[in-house]
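Numbers restart at 1 for each chain; the letters A, B, ... are given by sequence-line order, proteins then strands.
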Amino acid sequence: MNCKQIHSSIHDFIDGYCTPSVGHMVDEHISSCDVCSKYLDSVKHLKNALGEFPEPTKTDAQWEQIEDSIFEKIDTSKAVSTVQFPNKIHSYQIWVAAAVLVFMLVSLPWFYMNRQSNEIQLTNAQYPVIVNVHGDMDKNGLAYDPSVSMSVMEIGEEISTAPDSRVIIQADSGSTIDLSGNSLLAIKKHTKDNQTYLLKQGTASVAVAKRKQGQLFVVQTPNAFCEVVGTRFQVDVVQLKPSLKTVLSVSEGIVRFTTASGDYIMVGAGTSRSITDGFIDSVEYSNAVVEKNTDSLSSNNLSGASRVLSSESRVAVAAVSTRKDSVEILYNQKINVALAFIDSGKTTDALQVFNQLITSGSLSVNHLWDVHMRKFRLLKMTKRYSEASEVLAIVISGNFKKENQSYALFQSAVLNKDELHDNAGAIKAYQRYIKEHSNGVMISEAYYSLAELYHEEKQYNKEAKIYEEFIDIFSGQPGIERAVYSLAQLYSFTLNDCSKAVGLFSHLEEKYPQSEFVEDALFWKANCFFTQGMVTRAFEAYRQYIETYPEGRWSSEARTRMTGSESAGRNR
Amino acid sequence: MPITNAYIDDEERLRITKAAQGDKQAFSEIFATYRTMVFRIVCRFLGMSEDTDDAVQQVFIELFKSLPGYKGNSKFTTWLYRIAVNVSIQYIRKRKRDSDVDILNPEYHVDQSQDTGTYVEKRELQMQVASALETVHIRKRVVLVLHDMEGRTMEEISDITGLPLGTVKSRLFHGREELRIKLKKVFGRI
């Protein structure tokens, strides 16, 4: 096997899907090929990185809220279907029903005749809908199965057709999109006044029903827009003895221009064509030049008047090949240049590239965030901590997304504490994080870090307050017992409030019996009683500890204290 | 609606049947059993964002509506996966429609037994992986998430997505390649 063949087998090898013989071949190859061995490592590393995303959690209260919302929505939708009709029909209701029926019968022809002017109904959940599929297609990356997949398409959804397949989509009650094989179409917008489809590749034949002014129908490709506009045209009847000429000038849209015998041409915007008597004139004019003749014929000689048919418009779009957004390409090129500088140790040059990007003024918010964070990481890596801190300050105060600012603020706190050794700065940053990003991903870490900083600064009351606040907010969440234990320790050893400490140790035992802190909590609770001179309770608590943890880390200490308690009790 | 077959046990079958008939208690039990799984899957695609809870709700609403159609000829979890993946994709599409591609910030509880420095490093790695993953085409991303993050087998993924096994395998390979190359730019190696 050569390296190229090995690469595709390496994935099966890592996933355990290889046959023994192929596995053996892969094994043999990588033991002697450095390149493939590195490739295997990188794929393994990637797979592990993906597999290490831990499980997100929610509190019981949050789940309750979600469940309530679900049942609310389910009940609402069911309620619509349980409307009851009255059992008894009164005589007046019969008269009303009859009147409505008569009205409908009388007005139906009128509605029919004026159908063309009725407002086209869009934005209802029935459209756009897949009405016909020949061959295979994917919807949103998943194979489309008419029996289970939804035929109605939502905004943002995408379909792709296999070669030799064809799909017809009903865009609204009168418009269709006929998608050929090897095509990729996405629904960008679908409202009453704007239907926009993105044809990324392939061919779409589009028939668009009549629209009111201002109602858009657009098929967009990677490099063009095909927009159905209204249809505006001018018709002139020109009497040329002995002939009659009809001149059609189209300013918007496209019009079918037909002779009396049925021959027709399509005349597009910006052009004029004429029919003289029964024949289509071969000359085409731009609308700047229109031949007119002021002679007139009597109306008796009128014949072959042009007949403009419906305002149906046809647009056939064949997308050219897709290409990436040029802004994205340029951005990636610049980043690659910077990375190349970093790889070769040219930090200053890399920073210059980042600075150029930042000051260019042409970056999207996401790219700007990305560049700032790359710059930050580089400065931190090269121990330029003050400058790194300045970059974070820009992000924190700038017009970035909240989650990005949250991340930058937390990084700032860590930088202050670990690298700049500025505890006051770190405290401020953690306080701000807790206040402004209470839903931030690092909120637990922020609380713990702030508590530790308060402890370092000997601000014990503040430390206690922070733990209490944290416990109050995150009560019941996994990992909270560490805070409970830390607070209990603080009250016990530092603030000398044993009754509060005992309460917290007991709370830990009861609420978190499986916690790693319970053993210590039992012992220190006993100690609290001992310190307070509550001998009997101390004895009981030590005994409980020894019974539960006979070989525990405090067992000999506990036994000694028990003896001490016993003596103290006897001496009373 | 008889659900027959060995993909689910009797208790589960009864619960599903009752829920399909509108029994709230039964549906509540289904919710309690599968909510974490659904939440996890949705988070794989959407991260912990404003619409994640909405998406989770939508999955269960869709499940409720589609329960009468569940005939038991596939695992219930496969059925649920299918709904969760479809709903997640809808939300991704909606997101792309409304804004530029987001840098995904996965919000997860990080192991608190580690020190702050390791938290931050791991967090940063996760952010980069998540960010790169979001730029992978949704077709490949679905397979990557289901295989490498959810630990589903190829056959299960084929069931969930309706794709042939060969297509699943190919998308996994190409998805990993694409992700690997994108991450290489950030880390020099991955």
What part of A:Asp60 gets closer than 4.5 Å to chain B, counting heavy atoms only: side chain, backbone, both or neither? side chain
Between B:Arg139, B:Gln58, B:His137, who has the most heavy-atom pairs with chain A when the cutoff is under 4.5 Å? B:Arg139
Under a 4.5 Å heavy-atom cut-off, does chain A meet the side chain of B:Ser28, its backbone, both or neither? both
So, A:Lys417 and A:Glu445, do they make that salt bridge, N to O below 4.0 Å? no
Mind ranking B:His147, B:Lys169, B:Lys140 by heavy-atom pairs under 4.5 Å with chain A and telling me who comes out on top? B:His147
Any donor-acceptor pair under 3.5 Å linking the side-chain atoms of A:Glu481 with those of A:Tyr485? no
Toward chain B, the part of A:Asn48 with a non-hydrogen atom under 4.5 Å: neither
Tested for side-chain contact (heavy atoms from CB on, under 4.5 Å) against B:Phe60, the lone hit among B:Val38, B:Val87, B:Ile83 is B:Val38
With chain B, which of A:Asp12, A:Leu50, A:Ile443 has the greatest number of heavy-atom pairs at distances under 4.5 Å? A:Leu50
Would A:Glu158 and A:Asn140 count as having a side-chain donor-acceptor pair, cut-off 3.5 Å? no
In terms of relative ring orientation, are B:Tyr34 and B:Phe76 parallel, tilted or perpendicular, with 30° and 60° separating the classes? tilted
Structural part of B:Leu133 lying under 4.5 Å from a heavy atom of chain A: side chain
Quick one: what part of B:Phe173 sits under 4.5 Å from any heavy atom of chain A, side chain, backbone, both or neither? both
Using the salt bridge (charged side-chain N to carboxylate O under 4.0 Å, His left out) criterion, which residues pair with B:Lys18? Sequence neighbours excluded. none
Are the aromatic rings of A:His372 and A:Phe400 close, with centres under 6.0 Å apart? yes
Check each atom of B:Lys24 against the heavy atoms of chain A and say whether the ones under 4.5 Å are side chain, backbone, both or neither. both
